[in-house]
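Everything below concerns the one structure shown next.
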Number of protein chains: 2
Amino acid sequence: MLLFPMVYAATRSVSNKAPLPSKRANARSRAFDVKQFLDSTGLGRKVGTYDRKATVFAQGDPAKHVMYIQDGGVKLTVVNETGREAVVAILGPGDFFGEACLGGQHICMATATTIAPTVVLVIEKNEMIRVLHEEHEFSDRFIAYMLARNIRVEEDLIDQLFNSSEKRLARTLLLLARYGAPGDPQKSLPKVSQETLAEMIGTTRSRVNFFMNKFRKLGFIHYNSRKIHIDNSLLSVVLHD
Amino acid sequence: MLLFPMVYAATRSVSNKAPLPSKRANARSRAFDVKQFLDSTGLGRKVGTYDRKATVFAQGDPAKHVMYIQDGGVKLTVVNETGREAVVAILGPGDFFGEACLGGQHICMATATTIAPTVVLVIEKNEMIRVLHEEHEFSDRFIAYMLARNIRVEEDLIDQLFNSSEKRLARTLLLLARYGAPGDPQKSLPKVSQETLAEMIGTTRSRVNFFMNKFRKLGFIHYNSRKIHIDNSLLSVVLHD
DNA sequence: TACAAAGTGTGCAATTTTGAACAGATTTGC
DNA sequence: GCAAATCTGTTCAAAATTGCACACTTTGTA
């Protein structure tokens, strides 16, 4: 399983569900360079380097740092009492995570696991608060980020409220594939396990397997042990009944 | 139907699902007074007054203003292609809405309907951006708000990913009731129609009716045509299996 | 007061989803 | 290269959920 390699590095980030393309571009394409800013202020002094499948922090850990992804990718998951796992977000370069501690959250509500070799800037909570207060450009940029992030999560919620698991799977595949070679109608994405897809859309692996086979039989997607190929125009039909 | 009157005025806001109590207190209990600030800067010059069930803006409208609820309550809903409706959030005094336009959203993605006579401050998008950039205290406060809001929506999403509709209903009732008289184990809340509850938790009225009756038979809740009474300790058992 | 509109209690068949099992295929790490 | 771990394809019965229908009650209003 080799998830989300540089495909996402190029496009800067990915949510497990519904990022508004306009939003995303908007939040990221400003002249202000976050990485450069963090370096210049010394905020990004501390760098964390992780292998694939490493745990950056775990649900329940004390929450004292905000992370800024420089390279790689991170999956945020939560587990419930029964041990079932759900994927809350999949983040890439340019995304923050752990930012909830800024609002007084003392404990991490999710586990952050890398899905590729990853480099993050580790920003101490109080420093982040101080700089957000002092530096206009940075707080502007952070507000834009939070607005975009909020819209993504709301869209994920709406997706859950409205759609059947078949549609949610189709939507998730399309969103993941969007970040492949643009202009290519035959998008492909690195293999994501059916288990992970199930955790993303909140259903069982049985169900994912069932629909993956259905989509394949209908010719909407193709896959082998290392890639999933998606025919955008065909699969998107599923979303519109 | 007389929804969410001053119960919420006292506690300042409510989400349809999972506000973290700590977060909420944190985001709101700072010395900084948003209303006063908006008044002093002239940002809150424009005031909107609405009856109950009035539409502040509709899905698809151009998005040009950020609203700050001074009094009353607002429900954000979206409809899908088939006309089905979902409640994204229920907001009260101290909450912002329409803030997505700050991130470049040109069109309202939801409909904002009042659920009580409501007064909002109407802030022009560009003024809001300018002041967020210039005024530290205000941007700090807005960031705290966005962080809290984000956590609420994420928790709603997690609730959807994990829980059955029975648990989601129990959770929603408990959250709505939390804002009643504190310390009273017999919380009560103004009648919310089963239809609305169904839209909040993403299920059908049949299902809500089924569980409401079940909870009532078990003595977890009581209700008549104008009030719902909730026995907190009994109903919360549902959440833990 | 009386009618229309909104909300509730029921029932039920059809559909969707879960959850668990098990064998075979593939990948990973020595 | 091999064993262990992970992932896939396939079952299937049980459980949850939908979608609809219809009668009844309450509320708002002319």
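Protein chains get the first letters and strands the later ones, always in sequence-line order, with residue 1 at the start of each.
- Checking C/dA21, D/dG19, C/dT16 against the side-chain heavy atoms of A/R207 singles out C/dT16 as nearest.
- To the nearest angstrom, C1' of D/dG19 lies 16 Å from CZ of B/F210.
- Side chain of A/T113 to backbone of A/K53: no donor-acceptor contact under 3.5 angstrom is found.
- Contacts of B/R84 with the nucleic acid, taken as non-hydrogen atoms under 4.0 Å apart, are absent.
- Between D/dG9 and A/Y223, a contact under 4.0 Å exists linking OP1 or OP2 to a side-chain N or O.
- Other residues, nucleotides and ligands contribute more than 12 heavy atoms inside 6.0 Å of the CZ atom of A/F162.
- Distances shorter than 4.0 Å separate none of the side-chain N or O atoms of A/T204 from OP1 or OP2 on C/dT17.
- A/S206 has no side-chain polar atom (N or O) that falls below the 4.0 Å cut-off from OP1 or OP2 of D/dT11.
- Distance, A/E195 CD to C/dT18 C1': 14 Å, rounded to whole Å.
- Side-chain atoms of B/S164 lie closest to D/dT17 of the nucleotides D/dT17, D/dT10, C/dT8.
- Distances shorter than 4.0 Å separate none of the side-chain N or O atoms of B/S193 from OP1 or OP2 on C/dA6.
- At least one donor-acceptor pair closer than 3.5 Å links the side chain of B/T114 to the backbone N or O of B/A54.
- At whole-Å resolution of the value, CG in B/N224 and P in D/dC24 are 22 Å apart.
- One can place CE of A/M212 at 14 Å from P of D/dC7, the figure rounded to the nearest angstrom.
- Regarding A/K214, its NZ atom lies at a distance of 11 Å from the C1' atom of C/dT16, rounded to whole Å.
- Separating the CZ atom of A/R168 from the C1' atom of C/dT17 is a distance of 10 Å, rounded to the nearest angstrom.
- Along DNA chain C, the nucleotide nearest to B/R216 and the one nearest to A/N163 differ in position, and the one closer to the 5' end is contacted by B/R216.
- The separation between B/K167 atom NZ and D/dA15 atom P is 17 Å, rounded to whole Å.
- Under a cutoff of 6.0 Å and an axis angle of 45°, B/R216 and B/Y223 form a cation-pi pair.
- Atom C1' of nucleotide D/dA23 and atom CZ of B/R205 are separated by 12 Å, given to the nearest angstrom.
- Here B/S165 reaches the OP1 or OP2 of D/dT17: one of its side-chain N or O atoms lies under 4.0 Å away.
- For the pair B/N209 and C/dT8, the criterion of a side-chain N or O lying under 4.0 Å from OP1 or OP2 is not met.
- Distances shown here put every side-chain N or O of A/Q194 at or beyond 4.0 Å from the OP1 or OP2 atom of D/dT6.
- Of the listed residues (B/R168, B/E199, B/Q194), just one forms a side chain to side chain contact (heavy atoms under 4.5 Å, CB included) with B/V208, and that residue is B/Q194.
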